[in-house]
Number of protein chains: 2
Amino acid sequence: METTTQAGSPAQPRAPLSKERVLSAAVALADEGGVDALSMRKIAQALGVVPMALYKHVANKNELLDGMIDVLVGEIDPPAGNTDWKTAIRRRVLSARRMLLRHTWATEVIESRMKARATPTPAVMEYLDSMIGIFRAGGFSVDLVHHAMHVMGSRLLGFSQELFEDSSGREPDPDAMPPEEMAARFPHITELAMAVAHDPDSVVGSGCDDQFEFEFALDLTLDGLERLLRRN
Amino acid sequence: METTTQAGSPAQPRAPLSKERVLSAAVALADEGGVDALSMRKIAQALGVVPMALYKHVANKNELLDGMIDVLVGEIDPPAGNTDWKTAIRRRVLSARRMLLRHTWATEVIESRMKARATPTPAVMEYLDSMIGIFRAGGFSVDLVHHAMHVMGSRLLGFSQELFEDSSGREPDPDAMPPEEMAARFPHITELAMAVAHDPDSVVGSGCDDQFEFEFALDLTLDGLERLLRRN
DNA sequence: AAGGTAGGTGTACGCCGTACACCCGTCAAG
DNA sequence: CTTGACGGGTGTACGGCGTACACCTACCTT
């Protein structure tokens, strides 16, 4: 059994590794067996490769987890044009939910990674940005969108809460984005951040009163329940 | 420096271990350094004891995590009597939030443990039960409470979502509670469960339409936002 | 032909959870 | 007073984990 590369061999012994192949193997492994069953060694084994080979494609396990989150976010349907904000948001959230149900480990990983990172990955940022865009296009003021994002909270995936939290004392982002590119790629996030904190440098800084936002969302919910109650 | 037990020594060399001491040491360690920095070995070291000593007080690390959750739930203020349901719920939720802010690792642990266990620990059950009780006392019908619990969702700690999910294929609960005791200790949960599924045996079984509940909560939120928008 | 580089390999280290055998102080029964 | 059970702390050891580091080997460029 010669397994070394042989020129004319019709069935090549192994496809070449790549970040995508590593990530989808990882996602597949997590789907069956949960995130506890996910180890670099198991992923390598599933790919027929030695564990350290993975490190040529992902820096470490945390980056791998971040990459997996991006894969998941990519599974969420893009925003549907030609509808009012309400159905657009509704569809998007329900699509996100379907993704979360497909990958039961997702919320756990998202939760823990969002706590650790200074900034969400670009894919996540893009998702949030387009979400904000839908609200803005629907006529929401910047302030109201801000509230809305907090209110949606965990239903928007579970991370908007953390997104707005103080980001100091976290793992420093290895390749933090310069503010100009930030503004160009995520216009809505930038707009919101500038309105919230009058300090455009700390783009998603802690210029917002978390406690106020929490109570705002809570009261909105309680009022909704009360209305239902009155209507008996 | 003789550290072995010596009869008349006024300062006894070490307090005797106990489950509470282990748990509070674990909570303290998690508070400073997050849940990743929490290992049986570190806890033991903090208590001046050999790692295996802990296993005389907790069965394994998962049970330790469950115990830690109970400690946290115990920090939530008990329900305030003599008020309407709305302020009672409000106070309770805000108290829970203060606890979560004190222990930033809490949501992560709760999230992962709730996914794994068949039934929440008694302390958690008690918390949920009293929460339901407040709604019921406020005049909510059983059905409406059911909706309400889903709506509050993560704001009620983050676990009611999982509580109502299908509980098959999870770690079997070592000491599952007999239904009678269940009904006696958690009357409100039982009432709700019986109404939802007409099968009183699978007390928090999957007799509820998760998708419906999710959309119900989503729409309640969206309607709330819409009202704010109209009032511009 | 020379040499850089991208990608897979092998070994090794320190951490983890915990199974298992042990040991010792206390206390009840004989 | 002896004995033996037992609750609780100990020591050793195993298998799995993430990953640092040195290597080797094809290939591509010049």
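Fair warning: this is a prediction, and the values are worked out from it, not measured in the lab. Below, chain A is the first sequence line, B the second, and so on; all start at residue 1.
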Atom pairs, N/O to N/O, protein against nucleotides 12-18 of chain D, distance under 3.5 Å?
unit_1 : atom_1 : unit_2  : atom_2 : d
D:dC17 : OP1    : A:Ser39 : OG     : 3.1
D:dG18 : OP1    : A:Met40 : N      : 3.3
D:dG18 : OP1    : A:Lys61 : NZ     : 2.9
D:dG18 : OP2    : A:Met40 : N      : 2.9
D:dG18 : N7     : A:Arg41 : NH1    : 2.3
D:dG18 : O6     : A:Arg41 : NH1    : 3.3
D:dG18 : O6     : A:Arg41 : NH2    : 3.3

The complete set of ring pair (Phe, Tyr, Trp, His ring centres under 6.0 Å) pairs with one or both residues in residues 20-65 of chain A, sequence neighbours excluded, reads none

Once side chain to side chain donor-acceptor pair (under 3.5 Å) is applied, do any residues pair with B:Asp77, and if so which ones, sequence neighbours excluded?
B:Ser95, B:Arg98

From B:Met40 CE over to B:Gln45 CD, what is the distance, rounded to the nearest 0.5 angstrom?
14.5 Å

Which pairs with one or both residues in residues 29-41 of chain B pass side-chain hydrogen bond (donor to acceptor under 3.5 Å, both in side chains), sequence neighbours excluded?
B:Asp31-B:His103, B:Asp31-B:Trp105

Round to the nearest Å and state the distance from B:His57 atom NE2 to D:dT10 atom P.
10 Å

Rounded to the Å, how far apart are B:Gln45 CD and C:dC16 C1'?
14 Å

With sequence neighbours left out, write down each residue that passes salt bridge (charged side-chain N to carboxylate O under 4.0 Å, His left out) with A:Arg102, or none if nothing qualifies.
A:Glu75

What is the distance, rounded to the nearest whole Å, between atom CD1 of B:Ile43 and atom C1' of C:dC16?
12 Å

note: B:Glu63, atom CD; C:dT18, atom P; distance rounded to Å ~ 11 Å

Nearest whole Å is fine: how far is C:dT18 C1' from B:Asn62 CG?
12 Å

Using the side-chain heavy atoms of B:Lys56, tell me which of these nucleotides is nearest: C:dT9, C:dG7, D:dG8.
D:dG8

Rounded to whole Å, CG of B:Leu47 lies from C1' of D:dG9 at a distance of 13 Å

Who passes side chain to side chain donor-acceptor pair (under 3.5 Å) against A:Asp66, sequence neighbours left out?
A:Arg113, A:Arg117

